[in-house]
Amino acid sequence: MRSQQDSAGGLRHLITLGGLARDALTAILDRAEAYRRFPGQPAYEGRELAGVTVANLFYEPSTRTRASFDLAARRLGAHVLNMDLQSSSRAKGETMLDTIYTLEAMNTDIFVIRDSEAGLPEFLIDHVDPHVSVISAGEAHLSHPTQGLLDVLTIRAHKRRFAGLKVAIVGDIKHSRVARSTSQALATLGTTDLRLVAPEALLPAENEFRAAQRFTRIEDGIAGADVVMMLRIQKERMVQSASLDDAAYFREFGLTAARLRLAAPSALVMHPGPMNRGVEISSDVADGPRSVIREQVNNGVAVRMAVLAAIAATLTRQRHPL
Ligand code: ASP
């Protein structure tokens, strides 16, 4: 696979947080913090992406990620093309490459891609023109790097540290690209106490998340946690989902105000969205004082601006070497 970074360490592509060193992650978080504006403030507007064309190719549904890549690119001065594409199950990589080659011929510089096929972003970075970049906006159940970054940015803003933090991820971890990317980022930044909480059937394979503790009772998993991250059940990634009973799941694993009292008094409640209120989380907790769910959304725009700006800077250096 072509590297995500150039020989000077500049970001060329972003398809996984695996292999990105702490310095590289911290640089993106710092840049994102500089771009972040809270609701009610005027959004940051810059020219970092002036003359750059970004194509958003989403082969899976998306609300937050797609809207925030779109806004992030425009606020930095890019031309943006949004395409909603139907997944075709046959020879998807080839079909997508044709779309990409077509858009490359129209001088597209950065492709933001979401797809349900594992391995596709890697395939694409090996096949795109050398002057073009690929950012994954979600790869199957495997990776969602900008979500991982926005999650750790949100945690950093409140906790100011990663070492010594107790983080519980609760829900359908087996099918969650968010759990994978966020736990990778946390591990790189120094968090060692990661708890995975799920019914047995939704825990990941034993050889994944090696350093994490596993729990099948939410009460045990979130006890004393500094961060409680709730996940949706990814029915679309299951062969058999019809037998799942939402009410029974809420009774056993739903985050309620009573259960939240088991976590640390200052625990953050997070959720990548979309939320199913009354299934994995009660509305009073989702909208309550510990919830940073809307901050996550706010940070999502800032992180995507930071990633796009870092990649654009690398592309510019590559095209105009000193
Ligand atoms: N939005 C997140 C994702 O794309 C989480 C989810 O869909 O449940 O993976």
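In listed order, ligands and their atoms are each counted from 1. By convention here, the first residue in the shown sequence is residue 1. Just so it is clear, the values below take in all heavy atoms, side chains as well, and ignore hydrogens, waters and symmetry mates.
Heavy-atom contacts of Val178 reach the following atoms of ligand 1: 2 (C), 5 (C), 9 (O) (cutoff under 4.0 Å).
Sorted by first then second residue, the side chain to side chain donor-acceptor pair (under 3.5 Å) pairs that include residues 204-216, not counting sequence neighbours, are Arg180-Glu208.
When only non-hydrogen protein atoms are considered, atom 7 (O) of ligand 1 lies nearest to Arg232 NH2, 2.9 Å. Here the heavy atom of the protein found nearest to atom 6 (C) of ligand 1 is Gln234 NE2, 3.2 Å. Among all non-hydrogen protein atoms, the one lying nearest atom 9 (O) of ligand 1 is Arg177 NE, 2.9 Å.
Residue Arg277 qualifies as enclosed at atom CZ: its count of foreign heavy atoms under 6.0 Å is above 12. By the 6.0 Å contact criterion, CD on Gln41 is enclosed, its count of non-hydrogen atoms from other residues, nucleotides or ligands being greater than 12.
Ser133 pairs with exactly one of Arg12, Gln4, His13 by the side-chain hydrogen bond (donor to acceptor under 3.5 Å, both in side chains) rule, that one being Arg12.
Remark: among candidates Gly273, Pro61, Ala137, Ser181, the nearest residue to atom 1 (N) of ligand 1 is Gly273, based on non-hydrogen atoms.
The cationic group of Arg114 does not satisfy the cation-pi geometry with Phe58, failing either the under 6.0 Å distance to the six-membered ring centre or the 45° limit from the ring axis.
Using a 4.0 Å cutoff on heavy atoms, Pro274 counts as a contact of ligand 1.
The part of His144 lying near ligand 1 is the side chain, judged by heavy-atom distances below 4.0 Å. Counting heavy atoms under 4.0 Å from ligand 1, residue Arg114 touches it through the side chain alone.
Taking the side-chain contact (heavy atoms from CB on, under 4.5 Å) definition, one finds that Ala187 meets it with nothing, sequence neighbours left out.
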